[in-house]
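We count ligands from 1, going down the list as the structure has it; atoms in each ligand are counted the same way. Below, each value reflects all heavy atoms present in this structure, side chains not excepted, and no hydrogens, waters or symmetry copies.
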Amino acid sequence: MQSDVIENIAKRKSQTGFDVYKLRDEFPILNQKVHGNPVVYLDNAATNQKPLSVINSISDYYKTINSNVHRGVHSLSEKATEAYEAAREKVREFVNADSIKEIIFTSGTTEGVNLVAYSFGESILNEGDEVIVSQMEHHSNLVPWQILCEKKNAVLKYIPVNDAGELIMNEFEKMINDKVKMISVVYVSNSLGTINPVKEIIEIAHKHNIPVMLDAAQAAPHLKIDVKYSDCDFLAFSGHKVFGPTGIGILYAKEKFLEKMLPYKSGGEMIKSVTYNETVFNDLPYKFEAGTPNIEGAIGLGAAIDFIKRIGYENISAQENELLDYANEKLGEAGGIRFIGTAKNKASVVSFLIEGVHPYDAGTILDQMGIAVRTGFHCTQPLIEQRYKLTGTIRASFSIYNTKEEIDRLAEGILKVKKMLV
Ligand code: PLP
């Protein structure tokens with residue numbers, strides 16, 4: 001091979017040896033301009049982009065086997081059912097669950113938490129009992145528990161967060177008592193990037209027989225989920241944050257809990273038999289999947305899992321850690337930046353403020369340069385407003401297809417924002 005060709009390939013590869021430029025070819029959306037500039041998509045914590053294999057899996061489904069599942073004896077229905085159930089098996093393997101009975105298709109993390117709060121929380125909570133979440137919860141893992149506690153006259157308690165954005169674990173241990181009936185915490189914070197010590201939390205909780213739910217919406221894109229290793233009782237994530245489609249998500253729950261829980265939604269699919277007098281519920285996991293499911297969403301999620309397996313979490317972590325370090329360095333060099341969330345253990349999310357600039361103004365100017373970042377509370381209003389006393393932050397969140405050149409563009413954008421507004 002010619003030396004200049006070899007040199008070019010070497011340049012194109014990141015330090016991890018992973019060819020990010022080749023991978024980007026699989027994401028057609030990244031190859032476009034926004035306001036005349038090549039798009040720099042740094043809003044991956046909100047939703048990440050989809051590779052062609054996922055997009056094609058959905059159109060192939062509609063082109064070849066579209067039919068309702070579990071109902072027909074005809075061939076198309078059988079094929080659609082096979083594809084839908086094959087996706088469930090992929091999810092089971094992805095999270096390392098024992099059985100497909102423990103894998104429920106939902107519309108996303110939000111529905112997963114609601115299902116557990118209503119079907120499980122309702123049945124175990126009594127007046128004066130306590131539920132523990134943390135100060136860094138996304139609204140999805142806060143509001144359902146708040147509503148439930150209000151309804152049951154129970155108390156919702158918050159694990160405090162230190163200035164760096166880490167859970168204060170000795171305070172958490174002090175919160176454990178006989179009244180605590182449930183703990184639900186975010187695995188990786190969407191607004192701070194903190195990776196929480198969930199295994200430790202679960203170990204402490206289980207010593208007191210308290211079940212634990214993990215909001216894994218931001219963990220699944222970055223870390224290998226292993227429900228056996230963490231020993232969590234419930235875990236939810238969303239398809240659209242792991243390269244899959246919107247409107248599909250997963251609730252993992254231990255079979256022993258699901259067996260006892262009542263359905264949260266009812267109607268077709270979740271029944272075994274119905275008379276005018278009574279209904280016998282279906283077996284697990286179908287008892288919790290009322291109505292025609294999101295068939296193409298499940299198939300797309302299956303394709304997304306195949307994509308992640310092909311890339312490998314080692315490559316994902318290595319690439320994202322490199323981007324995180326580079327972003328910290330480049331943004332630091334820009335000057336006048338205050339980082340919000342400086343935990344030791346972090347995923348590739350950088351929340352920050354530009355001194356003297358409102359986050360919304362910065363976001364608007366960056367958008368004009370084709371750079372997509374998130375601004376505001378990031379659906380963690382109590383954390384940003386009450387804990388950090390801020391009106392919002394700017395959040396750049398990186399995925400496997402992002403490059404250092406894109407971070408350079410962000411740093412240039414910040415300099416422009418400062419020039420215009422400071
Ligand atoms: N939990 C966390 C930590 C999140 O980041 C999000 C989405 O941003 C959610 C829950 C809610 O996910 P969804 O809107 O897909 O249900």
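- Between A216 and I225, the shortest heavy-atom contact is CB-CD1, 4.0 Å.
- Listed by chain and residue number, the protein contacts of ligand 1 are G108, T109, T110, H138, S140, V186, N190, D215, A217, Q218, S238, H240, K241 (heavy atom within 4.0 angstrom).
- When only modelled atom types and interatomic distance are considered, D129 and N153 share no side-chain donor-acceptor pair under 3.5 Å.
- A donor-acceptor pair is defined here as one N or O able to donate and one able to accept, closer than 3.5 Å; such a pair exists between the side chain of R24 and the backbone of Y401.
- K224 forms a cation-pi arrangement with F94, by the criterion of a distance under 6.0 Å to the ring centre and an angle within 45° of the ring axis.
- Between N315 and Q319, the side chains place no donor N or O within less than 3.5 Å of an acceptor N or O (distance only, hydrogens not considered).
- Geometric assessment of K199 against the ring of Y229 yields a positive cation-pi assignment under the 6.0 Å and 45° thresholds.
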